[in-house]
*Asks:* 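Got a structure here, written out as C-alpha cells. Questions coming.
Every number for a ligand or one of its atoms is a count from 1 in the order of the listing. Note that the structure is a prediction, hence the values are computed from the model and not measured.
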Amino acid sequence: MTDYDIIIVGAGPAGLCAAIETGKEAKVLVLDRKQEIGCPKRCAEGLSLRWFKKMNLKPKKEWAVQEIKGAELYTPNGKSIKMKAKKAEGYVLERKIFEKELAIEAVKKGAKILMKNQVIGAEKKDNEIELIVEENKEKKKITCKIVIACDGVDSLTAKMLGLNTKLDLKETDSGYQYEMTGITGYDENLLHLFFGTDIAPRGYIWIFPKRKGTANVGIGIGAYEKETAKYYLDKWIKTQDGLKNGSIIEVNAGVIPVGGFLEKMQADNLLVAGDAGHMVDPIHGGGIGIAMEGGRLAGKHAIKAIKENKFSEKDLSEYTKEWYKLSGNDLKRRLKGRHLLEKLTNDDFNYLVDSINVEEALRIGNGTLTKKDKTILFTKKLITRPKLLKLMIEYARD
Ligand SMILES: Cc1cc2nc3c(=O)[nH]c(=O)nc-3n(C[C@H](O)[C@H](O)[C@H](O)COP(=O)(O)OP(=O)(O)OC[C@H]3O[C@@H](n4cnc5c(N)ncnc54)[C@H](O)[C@@H]3O)c2cc1C
C-alpha cells in the first residue's frame with residue numbers, strides 16, 4: 001500500500017489543475033516548497049479569453065482584476081499599431097488570489113495540499129515512487145503510485161525520475177519585471193508590447209495594466225544576451241515619461257522556456273506538465289493557460305493509469321501523444337515563427353509592420369499562411385527586400 005495514489009509536485013496552475021482533475025477519484029497529495037500559493041508570482045499575469053473558455057473558467061472581479069480588449073504594438077521606429085475589440089479579449093489576473101481559488105477547489109474535490117514541503121529526492125522502488133520531502137529542515141518519506149511533476153521551469157523531480165528535461169539555452173528567455181504603481185500614459189484596456197533589438201534583444205518589453213495607475217512592467221530577452229534583462233528594463237523605463245517617476249511595489253524575475261519541447265513527457269510512474277515540461281508559447285512566453293490544460297490532461301492520464309494499474313513509460317505515452325495533438329503541434333509551428341522573428345533587424349520589423357495587415361501577421365505567427373498569403377507576400381510586398389524575402393521563403397517552405 002502506498003501513502004497516496006498520486007503526488008503532484010508544485011502548486012502552480014499546472015499542479016492545481018491536475019489536483020482538481022484527480023481529487024475526486026484518487027487519494028491525491030500536492031506538495032509545494034513555497035510558503036504561499038501564487039506568491040511570488042514570476043509572471044505578468046495576462047490570460048486570454050481563449051483559455052477561460054477552454055478551462056471553463058468564469059472571470060471573477062477578485063482575481064480577474066483588469067479587463068483587456070486587445071493590444072498595442074510599438075515598432076522600433078516609434079510607430080504603434082492598436083488592435084482594440086469592443087468586448088474583453090482576456091484579463092490581467094491577481095495570480096495569488098486566482099491560484100488560491102484553484103487550491104480551494106482542488107481541496108473541495110478531495111486533494112490535500114502541503115506548503116513549505118520541498119521534494120529533495122525521488123526514487124522508483126518496485127512499482128511505486130518514494131519521495132524524500134523536507135519540511136522545516138526535517139526529512140520524511142512519502143510513497144505513491146504515480147507522480148505528476150508540475151514543479152515549474154527549474155523542475156528537478158522529473159530529472160530525478162529519469163526524464164531528460166534539460167533546458168536548451170537557445171530556447172530560453174530571461175524575464176524581469178516590476179509591478180509599478182503611480183504610472184500613467186497608456187490605455188488600461190490594452191496590453192502594450194514594445195519591440196526593438198536595442199531595447200529588448202530577441203524579445204519585448206510589456207506593460208500589462210492591473211487597475212488604474214498600476215501595471216506589471218517587464219521584459220523578456222534571450223537568455224544568452226550580453227546584458228541582463230534588468231539592465232535593459234531599467235534603461236528603457238528611464239526613457240518613459242509616464243513610468244520613470246512611478247513606484248515599484250514588487251520585483252519578479254524568472255526563466256521562461258520558449259521552445260525546446262520535450263519529446264517525452266512521461267517516464268515509469270511519472271507524468272510532467274506545465275513549465276516543467278516546457279509547455280509555453282514560444283512567441284509571447286505565456287504559459288498559464290497551457291500549464292492548466294497540461295495539468296488537467298496529466299490528471300486524466302494518471303487516473304486512467306490507476307484504474308488500469310499500468311504505470312510503465314510505454315503505458316503512459318498516450319499522454320505525450322494527446323498533448324501534442326491538443327497543443328504541442330501548434331506550439332511547434334509557433335516556435336518556427338519565433339525563429340523567424342528573431343532573425344529580423346529593426347528595419348525589417350518596421351517594414352513588415354508597414355506592409356502586412358494584422359491577419360497576415362497572426363497567420364505568420366501561427367504558422368498558418370495560406371497559398372494566397374504567400375503569393376501576395378512574396379511577389380508584391382517583400383519583392384523589394386531580398387533578405388527579408390529569403391527569410392520568409394525559408395520559413396514558409398519549412
Ligand atoms: C517574467 C515572466 C512573465 C510571465 N508572464 C506571463 C503572462 O503574462 N501570461 C502567461 O500566461 N504566462 C506568463 N509567464 C509564464 C507563466 O508564469 C508560467 O508558464 C506558469 O506559471 C507555469 O505554471 P506551472 O504550474 O507550470 O509552474 P509554476 O507556476 O512555476 O509553479 C511551479 C510550482 O512548483 C513549486 N516547486 C518547484 N520545485 C519544487 C520542489 N522541489 N518541491 C516542491 N515544490 C516545488 C514552486 O514553488 C511553484 O509553486 C511569465 C513568466 C515569467 C518568468
Side-chain angles (χ1 to χ4, degrees), residues 7-19 29-48 50-51 66 68 90-93 95-96 98-99 102-103 113-122 131-135 142 147-160 172-179 191 193 203-210 215-221 223 229-230 233 250-258 272-282 284-296 298:
I7 296 183
I8 297 165
V9 186
L16 293 170
C17 287
L29 176 67
V30 183
L31 299 168
D32 201 293
R33 65 182 174 191
K34 294 197 298 206
Q35 64 182 32
E36 186 178 354
I37 283 186
C39 203
K41 61 183 188 251
R42 294 209 290 196
C43 184
E45 304 176 288
L47 189 62
S48 76
R50 180 167 88 91
W51 290 110
Q66 180 66 57
I68 296 296
Y91 292 84
V92 175
L93 311 180
R95 257 184 81 163
K96 64 181 165 220
F98 172 60
E99 283 175 40
L102 293 179
I113 300 177
L114 292 175
M115 298 304 288
K116 281 204 98 169
N117 274 254
Q118 179 167 3
V119 173
I120 56 167
L131 296 181
I132 313 286
V133 180
E134 192 173 87
E135 182 183 15
I142 317 179
V147 166
I148 309 181
C150 301
D151 43 349
V153 65
D154 41 5
S155 168
L156 285 179
T157 309
K159 268 180 215 150
M160 291 188 285
T172 306
D173 275 1
S174 302
Y176 201 82
Q177 177 180 269
Y178 299 125
E179 186 167 332
L191 302 179
L193 309 175
Y204 63 94
I205 287 177
W206 63 79
I207 301 177
F208 280 20
K210 279 181 90 173
N216 289 321
V217 181
I219 186 169
I221 59 168
K230 179 180 185 309
L233 182 62
E250 188 172 330
V251 181
N252 310 114
V255 167
I256 315 165
V258 283
V272 59
D275 274 17
H278 310 175
M279 294 177 174
V280 171
D281 186 298
H284 54 61
I288 304 171
I290 307 171
M292 291 169 69
E293 180 189 66
R296 180 167 75 180

*Asks:* Where is the tightest heavy-atom contact between W206 and A44, given as atom of each residue plus distance?
*Replies:* NE1-CB, 3.3 Å
*Asks:* Going by heavy atoms, is H284 under 4.0 Å from ligand 1?
*Replies:* no
*Asks:* Just which atoms of ligand 1 are under 4.0 Å from any heavy atom in G254?
*Replies:* 53 (C)
*Asks:* May I ask you to identify the nearest protein heavy atom to atom 31 (O) of ligand 1, giving residue, atom name and distance to one decimal place in Å?
*Replies:* G12 CA, 3.6 Å
*Asks:* Only heavy atoms of G10, strictly under 4.0 Å: list the atoms of ligand 1 that pass.
*Replies:* 33 (C), 34 (O), 35 (C)
*Asks:* Any idea which part of V9 is under 4.0 Å from ligand 1, heavy-atom wise: side chain, backbone, both or neither?
*Replies:* side chain
*Asks:* Kindly confirm or rule out an N or O of G15 lying under 3.5 angstrom from an N or O of ligand 1.
*Replies:* no
*Asks:* For ligand 1 and D32, I'd like to know whether there is a polar contact (N/O to N/O, distance under 3.5 Å).
*Replies:* yes
*Asks:* Can we say R50 and D281 salt-bridge, meaning some charged N sits less than 4.0 Å from an Asp/Glu carboxylate O?
*Replies:* no
*Asks:* I'd like to know whether ligand 1 has I256 as a neighbour, heavy-atom separation below 4.0 Å.
*Replies:* yes
*Asks:* As an exercise, identify every atom of ligand 1 less than 4.0 angstrom from a heavy atom of G46.
*Replies:* 7 (C), 8 (O), 9 (N), 10 (C), 11 (O)
*Asks:* With heavy atoms under 4.0 Å as the rule, classify the contact between S155 and ligand 1 as side chain, backbone, both or neither.
*Replies:* neither
*Asks:* Could you check if a side-chain atom of I37 sits within less than 4.5 angstrom of a side-chain atom of F98, using non-hydrogen atoms only?
*Replies:* no
*Asks:* Are any of the N/O atoms in R95 less than 3.5 Å from those in ligand 1?
*Replies:* yes
*Asks:* G274 heavy atoms, cut-off 4.0 Å: which ligand 1 atoms fall inside?
*Replies:* 26 (O)
*Asks:* For I37, state whether at least one heavy atom is located under 4.0 Å from any atom of ligand 1.
*Replies:* no
*Asks:* If you take all heavy atoms of A11 and V30, which pair is closest and at what distance?
*Replies:* CB-CG1, 3.9 Å
*Asks:* Backbone or side chain, does any N or O of V119 fall under 3.5 Å from an N or O of ligand 1?
*Replies:* yes
*Asks:* Any atom of ligand 1 sitting under 4.0 Å from a heavy atom of G218?
*Replies:* no
*Asks:* So, is A253 polar-close to ligand 1, with some N/O to N/O distance under 3.5 Å?
*Replies:* no
*Asks:* Number the atoms of ligand 1 from 1 as they appear, then name those within less than 4.0 Å of a heavy atom of A291, with their elements.
*Replies:* 22 (C), 23 (O), 26 (O)
*Asks:* Quick test: of every protein heavy atom, which one is nearest to atom 22 (C) of ligand 1, and how far off is it to 0.1 Å?
*Replies:* D275 OD1, 3.3 Å
*Asks:* Using the ring of each side chain (for Trp, its six-membered ring), is Y178 parallel, tilted or perpendicular to Y176, with breaks at 30° and 60°?
*Replies:* perpendicular
*Asks:* Do ligand 1 and A14 have nitrogen or oxygen atoms that lie under 3.5 Å from each other?
*Replies:* yes
*Asks:* As a test of understanding, state which of K41, R95, K210 forms a salt bridge (charged side-chain N to carboxylate O under 4.0 Å, His left out) with E250.
*Replies:* K41
*Asks:* Please indicate whether any nitrogen or oxygen in E45 is less than 3.5 Å from any nitrogen or oxygen in ligand 1.
*Replies:* yes
*Asks:* Carefully, step by step, assess N216 and E45 under the rule side-chain contact (heavy atoms from CB on, under 4.5 Å).
*Replies:* CA-CA 8 Å; N216 289 321; E45 304 176 288; 2.9 Å; yes
*Asks:* Within less than 4.0 angstrom of ligand 1, does W51 place any heavy atom?
*Replies:* no
*Asks:* Which pair of heavy atoms, one from A215 and one from P209, lies closest together, and at what distance?
*Replies:* CB-CA, 3.7 Å
*Asks:* Considering only non-hydrogen protein atoms, determine which one is nearest to atom 43 (C) of ligand 1 and report residue, atom name and distance to 0.1 Å.
*Replies:* R33 N, 3.3 Å
*Asks:* Where is the tightest heavy-atom contact between T157 and A149, given as atom of each residue plus distance?
*Replies:* CB-CB, 4.1 Å
*Asks:* Starting from atom 12 (N) of ligand 1, which protein heavy atom do you reach first, and at what distance in Å?
*Replies:* G287 N, 2.9 Å
*Asks:* Indicate yes or no: does an N/O atom of A44 lie under 3.5 Å from an N/O atom of ligand 1?
*Replies:* yes
*Asks:* Looking only at protein heavy atoms, identify the closest one to atom 52 (C) of ligand 1 and say how far it is in Å.
*Replies:* R42 O, 3.2 Å
*Asks:* Going by the order shown, which atoms of ligand 1 are within less than 4.0 Å of some heavy atom of G152?
*Replies:* 27 (O), 30 (O), 32 (C)
*Asks:* Show which atoms of ligand 1 fall inside a sub-4.0 Å distance from at least one heavy-atom site of F208.
*Replies:* 8 (O)
